[in-house]
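Read through the structure below, which is laid out as structure tokens, and then see the notes.
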Amino acid sequence: MGKGVRFLVLALALVVCYGVTVTMGFREEKEWEREGGHRHRHEEERSFLLPDSKPVMSSDAGEMRVVQSVSSRIIEKPLHIGFITMEPNTLFIPQYLDSTLILFVRTGEARVGCIFKDEMVERRLKIGDVFMIPAGSTFYILNPGEGQRLHMICSIDPSDSLQLGAFQSFFIGGGIYPQSVLAGFGPETLSTALNVSVTNLTKLFSKQQEGPFVYLTKSHAPSVWAKFSQLEEKDRLNQLKRMIHHQEEEEEEEEEEDQQQRASAWSWRKLLDSYFWGVEEDISLKDKKPDSYNIYKSSPDFKNNYGWSIAVDGSHYKPLKHSGIGIYLVNLTAGSMMAPHVNPRATEYGIVLRGTGRIQIVYPNGSLAMDAKVKQGDVFWVPRYFAFCQIASRTGPFEFFGFTTSSHKNRPQFLAGSNSLIRILNTPELAAAFGVSEETIDRIINAQHEAVILPSPAAAPPDEVEKKKRVKFEAVPKVIKSFGREMILGFD
């Protein structure tokens with residue numbers, strides 16, 4: 001009898017708890033509907049407008065800052081965004097990363113050297129050039145300009161990373177700060193591997209202490225990099241060969257595993273030879289791949305009186321095929337709008353290059369996820385399948401550059417304009433879906449004669465007028481705002 005009473009009490013307690021939970025959930029749902037889904041608007045907007053960049057490495061000669069991608073289950077491929085700034089005549093010292101970089105030169109000029117198929121390749125990059133550095137490929141970046149800073153934007157793909165942060169650098173060049181990975185080996189081991197004395201190795205690894213970015217000018221001469229970068233290529237070769245007597249050991253045919261190990265070691269040796277001793281005359285840098293791609297020299301995919309857009313995929317720049325990343329650039333005239341659209345193939349990451357504007361993103365349930373003003377330097381992201389649009393302010397042009405998580409040709413689906421989905425779907429079924437007559441839906445969807453980039457003085461008004469317009473819009477019956485809420489669930 002006692003057990004039966006305890007069972008009834010437990011069952012009653014469960015029923016009460018369930019009732020309280022349902023009641024609270026119902027109350028919370030009603031509150032969400034009364035507030036139009038705006039209860040956590042600020043937190044939600046911050047999730048699509050990425051936080052300010054943070055420095056990951058810096059010195060007097062330059063700096064690299066990174067905006068890390070958010071952690072979300074709706075991101076199929078996270079990308080971090082990096083900003084590299086280098087003073088004139090400086091070097092970002094040789095290293096390799098656990099992540100793939102796609103560089104975009106914003107201002108200035110650069111020389112980027114990297115190892116490709118066991119040979120040294122150097123490319124001169126100018127404004128608008130794009131260049132990919134695969135994960136694990138050793139590279140360096142040089143700003144040869146005498147009076148101009150170098151600004152680069154890069155995507156950082158952590159797909160192959162060690163998950164030790166945004167990315168992990170392994171410096172080849174270095175000394176006291178940063179320390180070269182070569183310095184971690186025992187003196188005798190490294191002396192044998194490079195066939196030089198321990199004394200010379202000690203000198204080599206004890207001079208550099210300027211950081212990952214170093215000056216190459218005479219006024220900053222303490223750096224070992226500065227001393228040799230000032231020499232002509234042949235003189236640099238002879239000078240360094242006198243300092244460190246280098247002899248390459250003869251290779252013997254061994255088993256496949258040993259051959260692979262030697263090939264890997266040879267590529268390291270190649271890097272040291274090519275940087276410290278110069279590239280031998282029989283190696284033609286100009287004929288080696290990979291090459292760069294200039295996005296500003298591309299013809300726009302779309303252009304009208306209100307702006308233009310360019311998309312670069314693997315068919316334009318072959319290295320993108322291996323990275324699975326695409327690139328885009330959009331320029332909107334003052335007050336114009338990129339029509340509401342959906343990217344069904346990729347998540348987009350955008351960086352505002354100049355001007356100001358607004359980004360609007362919509363949740364699958366039809367509620368507004370973000371309506372944020374953005375300015376130069378801001379970074380935003382748009383999940384795959386989400387509807388969104390970009391609107392330029394009326395004060396000037398709005399230009400933004402970015403990366404997509406697909407190297408295939410993107411086929412955005414526009415929700416408004418003369419090429420929109422609803423115009424293609426202009427059928428009795430569409431009218432029935434909105435609950436209006438065919439004449440009404442036909443009149444509405446055919447009112448816009450422009451496509452893709454639209455004139456939008458009403459969408460980009462001065463602040464005071466904007467507030468009045470928004471109040472007027474808020475007066476739309478709630479039945480329209482909540483349309484479809486029962487059909488599509490939201491998410492965290």
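Any value given below was found using the heavy atoms of this structure, including those in side chains, with hydrogens, waters and symmetry copies removed.
- A distance-only check finds no donor-acceptor pair linking the side chain of S137 to the backbone of P134 [under 3.5 Å].
- Using modelled atom types and a 3.5 Å distance limit, the side chains of E76 and T405 yield a donor-acceptor pair.
- Scanning all heavy atoms of the two residues, the minimum distance from S47 to L50 falls at O-CD2, 4.3 Å.
- There is no side-chain donor-acceptor pair under 3.5 Å between S169 and Y96.
- By the side chain to side chain donor-acceptor pair (under 3.5 Å) test, N343 pairs with E348, sequence neighbours left out.
- In this structure, the separation between CZ on F170 and CG on L97 is 8.5 Å, given to the nearest 0.5 Å.
- With sequence neighbours excluded, no residue forms a ring-ring contact (aromatic ring centres under 6.0 Å, His included) with H316.
- The CG atom of L329 sits 9.0 Å away from the OG atom of S309 when rounded to the nearest 0.5 Å.
- Proximity of a side-chain donor or acceptor of T189 to a complementary backbone N or O of F185 within less than 3.5 Å is not detected.
- At least one side-chain heavy atom of F92 sits less than 4.5 Å from a side-chain heavy atom of M57.
- With S191 contributing its side chain and V196 its backbone, the two residues share a donor-acceptor pair below 3.5 Å.
- Proximity of a side-chain donor or acceptor of D301 to a complementary backbone N or O of A311 within less than 3.5 Å is detected.
- What you find for A110 and I141 is that their closest heavy atoms are CB-CG2, 4.3 Å.
- When only modelled atom types and interatomic distance are considered, Y317 and S407 share no side-chain donor-acceptor pair under 3.5 Å.
- A donor-acceptor distance shorter than 3.5 angstrom exists from the side chain of T333 to the backbone of Y306, with no hydrogens or angles considered.
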* **Test side chain to side chain contact (heavy atoms under 4.5 Å, CB included) applied to F167 and D98, step by step** => CA-CA 6 Å; F167 64 90; D98 63 352; 3.7 Å; yes

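- Taking 4.5 Å as the limit, every side-chain heavy atom of F386 sits out of range of all side-chain heavy atoms of V342.
- The aromatic ring centres of F380 and F48 sit 6.0 Å or more apart.
- There is no side-chain donor-acceptor pair under 3.5 Å between Y385 and Q413.
- Aromatic rings from F401 and F403 are positioned such that their centres are separated by under 6.0 Å.
- For the residue pair S393/T356, the side-chain donor-acceptor check at 3.5 Å is satisfied.
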* **Criterion side chain to side chain contact (heavy atoms under 4.5 Å, CB included) on L201 and L194, from CA distance to verdict** => CA-CA 9 Å; L201 286 176; L194 294 178; 3.8 Å; yes

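- Of the inter-residue distances, the one linking R111 atom CZ with L142 atom CG reads 5.0 Å to the nearest 0.5 angstrom.
- The shortest heavy-atom contact between N410 and P412 is O-CD, 3.3 Å.
- Here the CZ atom belonging to F388 is positioned 14.5 Å from the CG atom belonging to D371, to the nearest 0.5 angstrom.
- When side chains are defined from C-beta on, V67 does not count as touching D52, because their heavy atoms never get closer than 4.5 Å.
- Contact of the I327 side chain with the L320 side chain is registered, since non-hydrogen atoms from C-beta on lie closer than 4.5 Å.
- In this structure, G314 and K321 approach most closely via the heavy-atom pair O-CE, 3.3 Å.
- Contact check on K77 versus D157 returns a salt bridge, with a Lys/Arg side-chain nitrogen under 4.0 Å from an Asp/Glu carboxylate oxygen.
- In this structure, F83 has its ring center at least 6.0 angstrom away from the ring center of H151.
- Proximity of a side-chain donor or acceptor of T347 to a complementary backbone N or O of P383 within less than 3.5 Å is not detected.
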* To do: Could you please spell out the steps behind the side chain to side chain contact (heavy atoms under 4.5 Å, CB included) verdict for E210 and Y177?
  => CA-CA 6 Å; E210 298 179 46; Y177 171 66; over 6 Å; no

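- By the 4.5 Å heavy-atom criterion applied to side chains, Q95 and F139 are counted as neighbours.
- For T90 (side chain) and M86 (main-chain N/O), no donor-acceptor pair under 3.5 Å exists by modelled atom type.
- At a threshold of 4.5 Å between non-hydrogen side-chain atoms, the residues C114 and F131 count as touching.
- Remark: side-chain polar atoms of S180 are paired, donor with acceptor, to backbone N or O of I172 under 3.5 angstrom.
- Using a 4.5 Å heavy-atom threshold, the side chains of D60 and F213 count as separate.
- Scanning both residues, L332 and V330, for their nearest heavy atoms gives CD2-CG1, 3.8 Å.
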* What do the steps show when you test V214 against Q208 for side chain to side chain contact (heavy atoms under 4.5 Å, CB included), and what is the final call? -> CA-CA 9 Å; V214 297; Q208 157 67 340; 3.1 Å; yes

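- Between the D378 side chain and the K375 main chain, a donor and an acceptor come within less than 3.5 Å of each other.
- In this structure, the side chain of N304 engages the main chain of G307 through a donor-acceptor pair within 3.5 Å.
- A 4.5 Å side-chain heavy-atom check between M152 and R106 finds every atom pair outside the cut-off.
- Interatomic distance, Y293 OH to D129 CG, rounded to the nearest 0.5 Å: 11.0 Å.
- Taking both residues in full, the closest heavy atoms of P158 and P78 are given as CD-O, 3.2 Å, listed atom of the first, atom of the second, then distance.
- Between R124 and E109 there is no salt bridge, since none of the side-chain N atoms of the basic residue sits less than 4.0 Å from a carboxylate O of the acidic one.
- The distance from atom CG of N331 to atom CZ of F398, rounded to the nearest 0.5 Å, is 10.0 Å.
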